[in-house]
K.L.:
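Dropping the structure in here first, questions after.
Every chain is numbered from 1 and lettered A, B, ... according to where its sequence line falls, protein lines coming before strand lines.
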2 protein chains.
Amino acid sequence: MTKADAPSSPPTQRVTSHDVSREAGVSQSAVSRAFTPGAHISPETRQRVLEAARKLGYQPNAIARSLVTQRSGIVALIVGDLHNPFYPQALSQFAQALEHRGKRALLLTHDARRDVQETLDAASRYQIEAAIVFPTRLNSTLPSLGDVSKGGVPVLLFNRHLPGRNLLSVACDNYAGGRLAAQVLLDAGATQLAFIGGDPETSTHQDRLRGFEERLREAGLDLLAAPSHAFQYDWGVQATLDLHAAGHVPDAVFGANDIVAIGVLDALRQLGRRVPEDVSVIGFDDIQESARLAYRLTTIRQPLEIMIEDALRALDDPRPGNGPSLHPGELIWRDTVKRYDTAKGQT
Amino acid sequence: MTKADAPSSPPTQRVTSHDVSREAGVSQSAVSRAFTPGAHISPETRQRVLEAARKLGYQPNAIARSLVTQRSGIVALIVGDLHNPFYPQALSQFAQALEHRGKRALLLTHDARRDVQETLDAASRYQIEAAIVFPTRLNSTLPSLGDVSKGGVPVLLFNRHLPGRNLLSVACDNYAGGRLAAQVLLDAGATQLAFIGGDPETSTHQDRLRGFEERLREAGLDLLAAPSHAFQYDWGVQATLDLHAAGHVPDAVFGANDIVAIGVLDALRQLGRRVPEDVSVIGFDDIQESARLAYRLTTIRQPLEIMIEDALRALDDPRPGNGPSLHPGELIWRDTVKRYDTAKGQT
DNA sequence: CTGAAAGCGCTTACAG
DNA sequence: CTGAAAGCGCTTACAG
């Protein structure tokens, strides 16, 4: 039943620690110890084992190891649709950070039609040590998420905060970011400020809006408008067009994230409005696309690396009360917000 | 030593098939059978087991199953840097397609500093059934890749073709795509055609260039220039600026991929050249960004879904001679190439 | 259809 | 330091 091997290839079939022990003339335990960092084994034996292993092309079976150690070393990365390029970037950085810690990332997708719980169940069969959930919209699936968290495996929400839940969470300080966006726009001399939202059910949308609106109110200003729908380019375009069609002409727009803000910019250009002379635009995330010469979007950068480090740290010590960690966003000045002095000159 | 449990949470500790068998009053084998689709088990017993399982929150241990069945159900997805948004998209679609087949994706990163072999070794410890490699530049690591392929686990290169190697490979027909790009640009009336390349060591770059150049030559034309460096936005900008600075003024540019072509567009705009009136631009891939109103890039779309299906099919039957599958690209007309009739009017 | 038992490839007390 | 042995949680012949 074995397929004919290519001439030069070894007789294959999986090579196990027994094969190596035979080759090295030691016990199977010794082979195991040779591959275990802190194990009690003489340097000579280890050397002999390692050589035999190399000769046979032996790689320890991580599956078997997981079974006995009860630690799989696997962390689940659960992603929804990846329309927002912010997430792929986070994803690969997570995978890399996990590897640095000797762990592996199991990639699972989650579409809106199914419950996240299903995906988490599937993941739990692989004895994952933790799960990191990249959100699209999670609201509909909140209840079940809590259970998993209790069930033993810590679940961490990336870039979302679910108030009142016993979930780990790492996010940017979106409220402060919202305030910062308002501040920047106010400094630019804006008085007619609009917020083009994303998915209104998400904490990112809500927190950014709240911070933005609050800061405006402190300045004695009301929001010109705050339509919301989805974190998508098309929506940014549409909302901007609608806004102007309805006679609401902003002199500053805060896009709920960069993808939306880029849609805003393209719509503004189509409407013949000059950025930043006629209208300032600021976004959130700082994705690659925002730096294109065609956009040069001023935005608030999420400190991805720090957030990821923090996420992994939190997962190492998943205290139930290890509430959301909030990281301040960083203002990235580019060309879509009127400069202070320019504003002064014009006001 | 067990940590104190939260009040409402069950006594936890992993629940196994033995726990379920006890609860259901059957043997452990019966529990196993209840969770095995085609197994010989009476509907009643299965029902009883399933209920007990639900009650206890039992999930079969996929790790243990893998050990005995010798099939992990895990496929490694090995990614380099994800600067090109084409790959994240492919990545998540792969993960999804694998799930549809009951398999899981193990996500591994590969940076240019290390050998792909290391990553493949790490993956093989998890008894992966196959590996799919998303390239950045693979040339330096070719030799080792062949070995793994022979070692038993099929390795498939996505979007690259390594001639003469015993590797599986799925890619777009880049040669034909190059010819198509030339055809489209010739039809637009162009006579001064430049190719802005990507990484010159990659098959995608080479094949697209070859097809492009060949078609030009058939039309009695020479390439105006064909600088190459990397599949990056900044390079597209730089190369275009350099080209013009050197006095090579193209009336058509083929960007080796969309990211490069978008850089070309931005540089052209900066130079004050009108697209497509003064110069036509075509790209390759059809990433999301290409559809932005600011770009509306005419491009050749890679048939991602078909390529992925084909990749998974090939992995199911990894015949050594299952050479590269080539899929034709699809021309996506947008606004960066002069229309035929327009061209006619102007020529 | 059902259960007892062997065994997948490891790790880890336990003796020596 | 080293080896023999038990056991991680399953699947799967083997009898019945």
Side-chain angles (χ1 to χ4, degrees), chain A residues 1 12-50 52-53 56-74 102 104 124-129 152, chain B residues 1 12-50 52-53 56-74 102 122 124-129 152:
Chain A
M1 265 330 201
T12 49
Q13 244 19 19
R14 224 150 252 181
V15 26
T16 74
S17 57
H18 282 101
D19 300 324
V20 177
S21 72
R22 214 171 299 126
E23 175 76 24
V26 297
S27 72
Q28 181 271 331
S29 327
V31 176
S32 173
R33 292 194 180 99
F35 281 92
T36 307
H40 286 330
I41 186 175
S42 75
E44 300 83 52
T45 327
R46 165 166 280 154
Q47 194 51 37
R48 201 134 45 91
V49 170
L50 259 28
L56 300 182
Y58 171 72
Q59 294 281 353
N61 184 329
I63 296 283
R65 169 181 294 193
S66 299
L67 190 59
V68 43
T69 60
Q70 305 276 46
R71 312 210 75 216
S72 67
I74 297 177
R104 300 292 158 205
S124 73
R125 296 188 171 199
Y126 280 87
Q127 313 305 108
I128 55 169
E129 297 181 357
Chain B
M1 266 323 202
T12 48
Q13 243 24 16
R14 226 150 250 181
V15 23
T16 74
S17 57
H18 282 101
D19 300 324
V20 177
S21 72
R22 215 171 298 124
E23 174 76 24
V26 296
S27 72
Q28 182 270 332
S29 327
V31 176
S32 174
R33 293 196 180 99
F35 281 90
T36 307
H40 285 329
I41 185 174
S42 74
E44 301 83 53
T45 327
R46 168 166 276 154
Q47 194 51 38
R48 200 133 47 91
V49 170
L50 259 29
L56 300 181
Y58 169 71
Q59 294 281 351
N61 184 330
I63 296 284
R65 168 182 296 192
S66 299
L67 190 58
V68 43
T69 59
Q70 304 276 48
R71 313 210 74 216
S72 66
I74 297 177
S124 74
R125 296 189 172 198
Y126 279 89
Q127 314 304 109
I128 54 168
E129 298 180 357

K.L.:
How far, in whole Å, is dA5(D) from dC1(D) if one measures between their P atoms?
P.N.:
23 Å
K.L.:
Quick test of your reading: applying salt bridge (charged side-chain N to carboxylate O under 4.0 Å, His left out), list the pairs with at least one residue in residues 57-71 of chain B, sequence neighbours left out, ordered by first then second residue.
P.N.:
Arg71(B)-Glu129(B)
K.L.:
Using whole Å, report how far OH of Tyr126(B) lies from C1' of dG9(C).
P.N.:
15 Å
K.L.:
Choose from dG3(D), dC10(C), dT2(D) the nucleotide whose nearest atom is closest to any side-chain atom of Thr45(A).
P.N.:
dT2(D)
K.L.:
With a 4.0 Å limit, can you tell me whether Gln127(A) has a side-chain N or O closer than that to the phosphate oxygens OP1/OP2 of dG9(D)?
P.N.:
no
K.L.:
Roughly how many Å is it from CG in Leu67(A) to P in dG9(D), rounded to a whole number?
P.N.:
7 Å
K.L.:
dC8(D) P sits how many Å from Gln70(A) CD, rounded?
P.N.:
8 Å
K.L.:
Just jot down the side chain to side chain contact (heavy atoms under 4.5 Å, CB included) partners of Ala53(A), sequence neighbours excluded, or say none.
P.N.:
Val20(A), Phe35(A), Tyr58(A)
K.L.:
Roughly, in whole Å, what's the span from CD in Gln47(A) to P in dC1(D)?
P.N.:
16 Å
K.L.:
Just to be sure I understand the rule, does Phe35(B) reach a base, reach only the sugar-phosphate, or reach nothing, if contact means heavy atoms closer than 4.0 Å?
P.N.:
nothing
K.L.:
If we take the C1' atom in both dG16(C) and dT12(C), what is their distance in whole Å?
P.N.:
16 Å
K.L.:
Could I get the full list of side chain to side chain donor-acceptor pair (under 3.5 Å) partners for Ser42(A), not counting sequence neighbours?
P.N.:
Thr45(A)
K.L.:
I'd like to check the salt bridge (charged side-chain N to carboxylate O under 4.0 Å, His left out) partners of Arg22(B); sequence neighbours left out, ordered by chain and number.
P.N.:
Asp19(B)
K.L.:
Output all residues satisfying side chain to side chain contact (heavy atoms under 4.5 Å, CB included) with Glu23(A), sequence neighbours left out; order by chain, then residue number.
P.N.:
Ala52(A), Lys55(A), Leu56(A)
K.L.:
For the pair Arg125(B) (side chain) and Asn61(A) (backbone), establish whether a donor and an acceptor sit closer than 3.5 Å, ignoring hydrogens and angles.
P.N.:
no
K.L.:
Using a cut-off of 4.0 Å on non-hydrogen atoms, how would the nucleic acid contact of Ser66(B) be classed: base, sugar-phosphate, or nothing?
P.N.:
nothing
K.L.:
Measure all distances between protein nitrogen or oxygen atoms and nitrogen or oxygen atoms of nucleotides 12-16 of chain C, and list the pairs falling under 3.5 Å.
P.N.:
| unit_1 | atom_1 | unit_2 | atom_2 | d |
| --- | --- | --- | --- | --- |
| dA13(C) | N6 | Arg33(A) | NH2 | 3.0 |

K.L.:
To the nearest 0.5 Å, how far apart are OG in Ser66(A) and CG in Leu67(B)?
P.N.:
10.0 Å
K.L.:
Of all heavy-atom pairs between Ser124(A) and Gln59(B), which one has the smallest distance, and what is that distance?
P.N.:
OG-CG, 3.7 Å
K.L.:
Reading 5' to 3' and counting Watson-Crick or G-U wobble pairs with both distances under 3.5 Å, write the dot-bracket notation for DNA chain D, | for bases paired outside the strand.
P.N.:
|||.||||||||.|||
K.L.:
Please give, in whole Å, the distance from dG9(D) C1' to Arg71(A) CZ?
P.N.:
18 Å
K.L.:
What heavy-atom pair brings Ala34(A) and Val49(A) nearest, and what distance separates the two atoms?
P.N.:
CB-CG1, 3.5 Å
K.L.:
Taking 4.0 Å as the cut-off, does a side-chain nitrogen or oxygen of Ser17(B) come that near to OP1 or OP2 on dG9(D)?
P.N.:
no
K.L.:
Starting at CG of Asp19(B) and ending at C1' of dC10(D), how long is that distance when rounded to a whole Å?
P.N.:
13 Å
K.L.:
Return whichever of Arg48(A) or Ala62(B) has its heavy-atom-nearest nucleotide of DNA chain D closer to the 5' end.
P.N.:
Arg48(A)
K.L.:
Rounding to a whole Å, what distance do you find between Glu44(B):CD and dC1(C):P?
P.N.:
10 Å
K.L.:
Check this one for me: any side-chain N or O of Ser42(A) less than 4.0 Å away from OP1 or OP2 of dC1(D)?
P.N.:
no
K.L.:
In whole angstroms, how far is the C1' atom of dG7(D) from the CG atom of Asn61(B)?
P.N.:
14 Å
K.L.:
Does a nitrogen or oxygen in the side chain of Tyr58(A) sit under 4.0 Å from OP1 or OP2 of dC10(C)?
P.N.:
yes
K.L.:
Starting at the 5' end of DNA chain C and moving along, which residue's nearest nucleotide shows up first, Ala64(B) or Ala30(B)?
P.N.:
Ala30(B)
K.L.:
Which pairs count as side chain to side chain donor-acceptor pair (under 3.5 Å) when at least one residue sits in residues 28-37 of chain A, sequence neighbours excluded?
P.N.:
Ser17(A)-Gln28(A)
